[in-house]
Amino acid sequence: MKRVAETLTVLVLGILVGALVMALWGRDPWSSYASLLSGALGNTRALMSTLSRSLGLVLTGLTFAVGVRAGLFNIGAQGQMLLGAVVALSCGLLRLPPGLHLVAALALSGLAGMAWALPVAALKLTRGVNEVISTIMLNWVAHWLVLYLVIQKLSDPILGQRTFTVPPGMRFPVIRGELTWALVLALATALFFWWFLWHHAKGYEIRAAGLNPRAATAAGISVKKAMTTALLLGGVAAAWAGAIQVLGRFPYAITSDLANLGNLGFDGIAVALIGRNHPLGILAGAFFFGTLATGAAKMGLRGIPIDMIYIVQGVIVVFMAAPEALRLVRLRRPAAKAKEVAR
Amino acid sequence: MADNALLEARGIAKVYPDGTVALRGVDLVVRPGEVHGLLGENGAGKTTLTKIISGLLPPTSGEIRWRGKRVRFSSPREALRAGIGMVHQHFALVGPFTGLENIALGEEGGGALSPVHVASVRRRVEAIMRESGLEAPLDVPVEDLPVGVQQRVEILKMLYREVDLLILDEPTAVLTPQEAEELFSVLRGLAAQGRSVIFITHKLAEVTAVTDRVTVLRRGEVVATRETPGSTAEELARLMVGEELPPPRARAERAPGREVLRLEGFTVPGPAGKPAVQGVSFSVREGEILGIAGVQGNGQTELVEALVGLRPWSGHAELLGKDLAGRGPGEIASLGLAHIPEDRHGMGLILEFNLAENAILGRLRPFLDPLGRLRWGKVYRFARELISRFSIQAPGPRVPVRYLSGGNQQRLVVGRELSKAPKLLIANQPTRGLDVAATRYIRDLLLRLRDEGMAILLVSADLDEVLELSDRVAVMYRGTFAGVLSREEFDRERIGLLMGGVREAG
């Protein structure tokens with residue numbers, strides 16, 4: 001309850017500061033906010049678009065959150081997401097029956113995400129390499145690798161601005177408007193993460209290892225195994241975030257500037273912080289973030305300067321993410337002692 | 001208004017930001033030239049009160065008069081300038097610096113460590129050492145000094161700053177009985193020179209040994225201020241605890257059974273290549289408490305951590321005939337070892353977890369179904385059982401353990417460890433930081449377990465605890481056993497000498 005009140009307080013604060021920014025810009029903040037809201041939620045089409053945009057954020061948010069639960073600062077979702085997207089797309093080159101094709105694409109994409117998380121775990125546990133460093137490096141490796149594949153190997157022979165599109169039998173069926181059945185994948189994954197963390201022995205061990213590695217080790221829990229599990233699970237979720245951009249959203253391809261994959265991986269961090277690193281909170285956080293993103297895009301269409309929109313969006317997100325971010329900083333202090341244990 | 005008061009505190013109250021009420025209107029008068037005892041249980045407010053007097057914490061309300069003038073120190077530095085200095089339980093020394101450098105360091109203005117200045121500091125410190133009888137090597141990095149000597153450096157630092165009121169927070173916790181005796185005579189010497197000392201303790205014997213007057217605190221209030229001569233230990237104990245405690249459990253006469261734990265040439269590497277534990281050999285048998293006494297930091301922590309599988313070691317160790325080499329904490333626990341760690345918060349509990357989640361830490365298996373799912377119903381039933389069996393004061397199994405008192409946290413740890421039905425229990429500082437009632441509870445429980453045939457390895461820096469509970473006592477000094485004594489040979493004097501590194505002939 002306290003956390004809900006806290007979240008509402010920072011939301012109001014963020015909105016007020018955002019309003020101040022717009023006022024300083026000489027814009028009427030309240031009508032701008034109104035157009036943001038109506039742009040994101042005002043009608044069914046807009047709502048479906050907002051929901052659809054939120055799904056990838058749910059998944060990358062989960063990646064970050066499960067890392068935090070294990071005591072990690074895993075920012076590798078971006079690279080894993082890019083790789084997951086390109087692997088899912090490449091499955092379009094295979095010939096498989098419809099439906100099964102989709103399942104196979106998801107499976108391979110998830111494996112690719114895990115494979116991209118594996119070196120992070122291996123480096124951390126055998127050589128003590130901080131996961132922040134290794135994930136940033138792997139993010140860049142993935143970025144250039146995927147860009148190369150998209151432009152050189154997978155691009156559409158006629159339309160150079162994107163890759164080929166995946167065959168219809170590999171796509172998520174449409175529910176309504178922009179929203180596809182990828183919705184179920186995102187919800188089910190969030191639900192699974194929640195169940196796993198709070199109702200499974202391995203999840204208990206992840207949480208114990210993250211909160212107090214010394215006590216966990218003393219209790220016979222392998223902190224290394226817990227961290228590895230969290231990284232691998234996170235890899236799958238992040239890869240699926242990329243996969244559903246390709247398999248569950250127009251244009252069912254990857255644009256040559258990777259713009260339709262965007263910064264999903266990094267935005268997931270903000271989503272996880274807004275959602276207090278809780279899978280169910282992340283659902284709300286992702287929807288909130290999706291609302292801002294869709295609404296901001298619509299505001300841009302109405303001639304409101306895009307920089308201002310970004311600033312307002314950023315201000316609100318920073319406010320919303322601040323309480324959990326501060327809590328993490330506090331938690332990490334005792335965690336520093338545990339580094340020996342983790343090595 | 002007390003005349004001839006050096007320090008007068010009136011109506012001091014302190015409420016911490018989290019809502020904890022530490023002090024509820026406390027009065028304290030310290031006269032010039034007296035050693036004033038501040039007696040109370042853990043959590044009674046002794047440390048908070050002295051932190052307020054020494055400028056480290058602001059009071060929520062109340063006023064302090066220093067030499068008759070109303071003062072409000074906003075920092076320890078200000079208090080020090082006025083003549084009030086405090087030696088905390090955790091020393092404020094720079095490890096790699098020598099004693100002399102540490103003393104010179106705190107001085108205001110630049111060039112505190114310039115050679116010219118340091119030389120003049122040396123002359124004055126040497127004079128102070130002669131005058132007070134408080135000797136400490138000045139040219140050795142303080143991190144290489146034993147804790148008891150580091151404490152002297154801290155006190156010299158304060159004397160060098162010419163304090164008129166010296167506050168010592170539980171100074172004897174890190175001293176052997178002989179070192180404590182020396183400290184007492186130094187304090188009496190300071191009082192004879194007209195300086196005042198506030199001496200914080202929860203040990204009655206120390207109050208009667210060194211103080212002129214004593215103020216007893218209980219739950220943030222002053223229960224009494226007395227002249228020490230004429231007060232009896234029983235009377236002070238009653239004031240401190242507020243109730244009569246039942247007499248301690250009598251130990252049953254029983255012959256120890258088969259050997260449960262055996263170590264031979266057990267060595268644990270320490271920092272910088274020096275072994276923390278060096279070639280220790282001993283055994284613990286069923287129905288026996290082996291106590292390990294010693295000043296903190298002589299290898300006890302490393303010994304225990306290695307035994308439970310948290311540190312590498314060499315030599316030989318076996319539990320019920322099974323070699324412990326190469327086994328991790330989980331495996332060793334499953335052989336029948338339970339561990340009450342010295343650091344309850346760091347190692348015994350996960351503070352953010354609730355009581356039930358902590359109750360199954362290290363013992364998940366009975367609460368899982370074949371798919372590895374946690375059976376929460378069973379977990380909560382078990383937690384409720386622990387709450388009632390070990391009299392844990394808690395609103396329920398869902399309360400985060402952070403909100404439990406130290407005593408109740410420890411009952412939870414002990415209950416959980418005993419639920420593992422261990423053959424060997426390692427209890428490391430099991431009553432540190434607990435109030436008198438909880439301490440008595442834990443000690444009685446350990447004795448009962450011993451009577452029922454459990455093998456117990458007790459590690460404690462509290463000599464009284466070791467002597468009360470143990471069947472045999474090993475004294476640890478710099479990583480080795482300076483001697484092992486059986487109950488008939490218990491003698492505080494002798495153990496104290498062993499604790500200080502004085503080896504026995506033969």
Side-chain angles (χ1 to χ4, degrees), chain A residues 1-3 65 68-71 125 191-226 229 233 276-278 323-324 326-343, chain B residues 271 304-312 327-335 337-354 356-377 379 400-402 409 413 416-417 420 426 428:
Chain A
M1 263 310 103
K2 199 181 125 208
R3 299 197 157 183
V68 168
R69 293 288 172 184
L125 302 181
L191 218 58
F192 172 80
F193 272 61
W194 169 78
W195 173 84
F196 185 76
L197 283 171
W198 275 276
H199 291 273
H200 194 279
K202 295 280 170 252
Y204 173 94
E205 293 186 352
I206 286 178
R207 290 188 299 128
L211 286 169
N212 188 340
R214 253 164 74 82
T217 309
I221 293 170
S222 165
V223 175
K224 292 182 176 190
K225 275 190 201 161
T229 310
L233 276 178
R276 306 297 169 107
N277 293 307
H278 189 289
E324 180 72 0
L326 291 176
R327 201 181 64 83
L328 286 188
V329 171
R330 280 211 316 274
L331 257 180
R332 291 216 121 217
R333 268 185 219 144
K337 269 190 288 180
K339 276 192 183 137
E340 284 168 64
V341 180
R343 282 192 62 164
Chain B
V304 170
E305 289 188 2
L307 265 180
V308 300
L310 290 170
R311 272 174 191 267
R327 295 186 201 255
E331 233 182 311
I332 292 176
S334 67
L335 293 178
L337 182 148
H339 174 210
I340 302 169
E342 63 178 322
D343 178 6
R344 208 164 32 240
H345 292 170
M347 212 189 262
L349 295 167
I350 295 179
L351 292 177
E352 291 79 6
F353 270 11
N354 68 26
E357 286 171 315
N358 272 292
I360 57 171
L361 189 63
R363 188 165 160 267
L364 280 187
R365 197 156 305 142
F367 302 97
L368 301 179
D369 72 4
L371 294 174
R373 285 182 294 195
L374 274 166
R375 294 160 66 183
W376 281 116
V379 173
V401 294
R402 181 184 290 288
Q409 290 175 343
V413 171
R416 179 187 72 209
E417 293 306 310
K420 296 172 182 169
I426 299 184
N428 194 356

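The structure presented is a predicted model; accordingly, all values stated were derived computationally and were not measured.
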Could you check if a side-chain atom of A:Ile221 sits within less than 4.5 angstrom of a side-chain atom of B:Leu361, using non-hydrogen atoms only?
yes

Sequence neighbours excluded, which residues qualify as ring-ring contact (aromatic ring centres under 6.0 Å, His included) partners of A:Phe196?
A:Phe192, A:His200

If we ignore hydrogens and angles and just use 3.5 Å, is the side chain of A:Asn212 paired with the main-chain N or O of B:Gly348 as donor and acceptor?
no

Heavy-atom pairs under 4.5 Å with chain A, option from B:Gly328, B:Pro329, B:Gly309 with the top count:
B:Pro329

Which is it for A:His199 and B:Arg373 under the side chain to side chain contact (heavy atoms under 4.5 Å, CB included) test, yes or no, and what are the steps along the way?
CA-CA 6 Å; A:His199 291 273; B:Arg373 285 182 294 195; 5.7 Å; no

When B:Ile360, B:Val308, B:Leu351, B:Ile332 are compared by non-hydrogen pairs under 4.5 Å with chain A, the top option
B:Ile360

Among B:Pro341, B:Ala333, B:Gly362, single out the residue with the greatest number of heavy-atom pairs under 4.5 Å to chain A.
B:Gly362

When rounded to the nearest 0.5 Å, the distance separating CG of B:Leu310 from CZ of A:Arg214 is 8.0 Å

Minimum heavy-atom distance B:Ile350-A:Ala215, with the two atoms named
CG1-CB, 4.0 Å

Given that the side chain runs from C-beta out, which part of B:His345 has a heavy atom under 4.5 Å from chain A: side chain, backbone, both or neither?
backbone

Per-residue contact mode, B:Glu357 against chain A (heavy atom under 4.5 angstrom)
both

A:Trp198: which residues meet the side-chain hydrogen bond (donor to acceptor under 3.5 Å, both in side chains) condition with it, sequence neighbours left out?
none

Whether over 12 other heavy atoms sit under 6.0 Å from B:Lys420 NZ:
yes

